[in-house]
There are 2 protein chains.
Amino acid sequence: MNIGDVADLSGLPAKTIRYYEDIGLVEPLRSSNGYRSFRQSDVHKLAFLGRARALGFTIEDCRSLLKLYADTDRASAEVKQIAEEHLDRIDSKIAELTEMRATLSHLVDACAGDHRPDCPILADLAMEQKAAGSIGKASR
Amino acid sequence: MNIGDVADLSGLPAKTIRYYEDIGLVEPLRSSNGYRSFRQSDVHKLAFLGRARALGFTIEDCRSLLKLYADTDRASAEVKQIAEEHLDRIDSKIAELTEMRATLSHLVDACAGDHRPDCPILADLAMEQKAAGSIGKASR
DNA sequence: GTTGACCTTCCAGTAACTGGAGCCCCTATC
DNA sequence: GATAGGGGCTCCAGTTACTGGAAGGTCAAC
């Protein structure tokens with residue numbers, strides 16, 4: 001199968017598939033004309049990669065997961081550990097974003113958003129001193 | 001003030017401050033010995049940048065925000081728009097991560113995490129067909 | 001005068017692609 | 001046989017926002 005077909009099947013852009021070959025995640029054969037020739041197993045691997053990436057696993061995680069998948073003697077504990085660490089990363093990220101969101105939405109709400117220059121958002125970023133109860137002081 | 005002092009004051013690494021100069025966010029003076037010489041206004045600007053970055057604004061957002069901050073004729077609407085767009089980006093990101101988190105935590109819960117090779121996480125990534133009610137099928 | 005802390009510039013690397021240039025291959029049609 | 005199109009190929013550069021490191025200059029203290 002040529003790269004275009006595999007791209008369609010796996011949902012990954014051809015560029016990405018070439019990149020995955022570059023970094024050693026797949027090793028398609030080559031036809032006599034130099035075109036990559038993908039086996040079913042390659043397609044399967046790429047689809048696996050696509051799903052793992054969609055879950056936010058890093059490329060290195062993916063590499064480990066593929067290795068574990070290929071190893072029928074694996075312990076599921078190893079897989080689970082990778083997934084749990086990733087889950088923790090996700091939770092941290094969500095927490096970080098949620099905090100940003102809270103501060104930012106306070107500021108946005110406080111901003112008139114009209115033609116006048118007065119702006120609590122800028123005031124907060126500049127840490128301008130305001131009367132007690134300023135959003136900037138309270139939020140961080 | 002030298003870069004080290006500014007780093008301490010602003011909380012930004014010296015490397016980052018140099019980088020911000022590189023991309024034109026600050027323009028410190030230079031002493032005769034070639035050292036950067038920061039004014040109070042530079043320090044203020046860098047602290048502004050630090051807070052904006054902490055809220056997740058991109059560097060280009062920061063550039064715009066600094067420009068608006070300097071412009072006393074600005075309309076707060078412009079600032080608000082930048083902040084609202086950023087808020088939307090944050091919301092999308094949170095939504096994406098929350099979805100990942102849901103799928104992933106289902107899979108993690110379903111995985112025994114022991115010495116045996118059977119692993120629902122890998123099975124899902126590989127889209128192995130399971131009996132009806134499989135997590136993989138249900139989750140995506 | 002020599003440490004040691006601080007400063008300088010420049011280059012390379014990070015993560016995971018993505019875009020583009022310049023070129024080859026294959027099939028179909030005129 | 002020429003050409004047009006729609007693949008494919010490689011290689012290089014760019015993205016974001018820094019970060020690390022090398023090689024070397026400056027300054028204050030001992």
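Chain letters run A, B, ... following the sequence lines, proteins first, then strands; residues in each count from 1.
- Residues passing the side-chain hydrogen bond (donor to acceptor under 3.5 Å, both in side chains) test with A/R36, sequence neighbours excluded: A/E21.
- The side-chain hydrogen bond (donor to acceptor under 3.5 Å, both in side chains) test applied to B/D114 returns A/S76, B/R116, not counting sequence neighbours.
- Remark: A/P13, A/K15 in residues 1-15 of chain A come within less than 4.0 Å of DNA chain C through at least one heavy atom.
- Note: the hydrophobic cluster containing B/L122 also contains A/I59 (ILVMFWY, side chain heavy atoms under 4.5 Å, direct or indirect links).
- Linking Ile, Leu, Val, Met, Phe, Trp and Tyr whenever their side-chain heavy atoms come within less than 4.5 Å puts B/L87 and A/L97 in one cluster.
- The side chain to side chain contact (heavy atoms under 4.5 Å, CB included) test applied to A/K67 returns no partner, not counting sequence neighbours.
- Formation of a donor-acceptor pair under 3.5 Å by the B/R101 side chain with backbone atoms of A/I94 is not found in this model.
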> When you look at B/F38 and B/L29, which way does the side-chain contact (heavy atoms from CB on, under 4.5 Å) test go after all the steps?
Replying inline: CA-CA 6 Å; B/F38 295 84; B/L29 304 173; over 6 Å; no
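- Near DNA chain C, meaning a heavy atom under 4.0 Å from it, residues 32-41 of chain A has A/N33, A/Y35 in order of number.
- Using a 4.5 Å cut-off between side-chain heavy atoms of Ile, Leu, Val, Met, Phe, Trp and Tyr, with links allowed through other members, B/V43 and B/I3 fall into the same hydrophobic cluster.
- Near DNA chain C, defined here as any heavy-atom distance below 4.0 Å, there are no residues from residues 82-91 of chain A.
- For the side-chain hydrogen bond (donor to acceptor under 3.5 Å, both in side chains) test, residues two or more places apart in sequence or in another chain that qualify with B/Q81 are B/E85.
- A/Y20 and A/L9 end up in the same hydrophobic cluster when Ile, Leu, Val, Met, Phe, Trp and Tyr side chains are linked at under 4.5 Å.
- In the hydrophobic clustering of ILVMFWY residues, with side-chain heavy atoms under 4.5 Å counting as a link, B/L65 and B/Y19 come out together.
- When DNA chain D is scanned in the 5' to 3' direction for atoms under 4.0 Å from non-hydrogen atoms of chain B, the outermost contacting nucleotides are D/dA17 to D/dC27.
- Separation of atoms CD1 (A/I82) and CD1 (B/I121) is listed at 9.0 Å; rounding is to 0.5 Å.
- For A/E96, the side chain to side chain contact (heavy atoms under 4.5 Å, CB included) test picks out A/K93, A/M100, with sequence neighbours left out.
- At a threshold of 4.0 angstrom between heavy atoms, the contacts of B/Y20 are confined to the sugar-phosphate backbone, with no base atom among them.
- Bounding nucleotides for the chain A contact on DNA chain C, 5' to 3', at a heavy-atom distance below 4.0 Å, are C/dA16 to C/dC26.
- Shown here are the side-chain hydrogen bond (donor to acceptor under 3.5 Å, both in side chains) partners of B/R89, two or more places apart in sequence or in another chain: B/D61, B/H86.
- The side chain to side chain contact (heavy atoms under 4.5 Å, CB included) check on A/S41 picks up A/R39, with sequence neighbours excluded.
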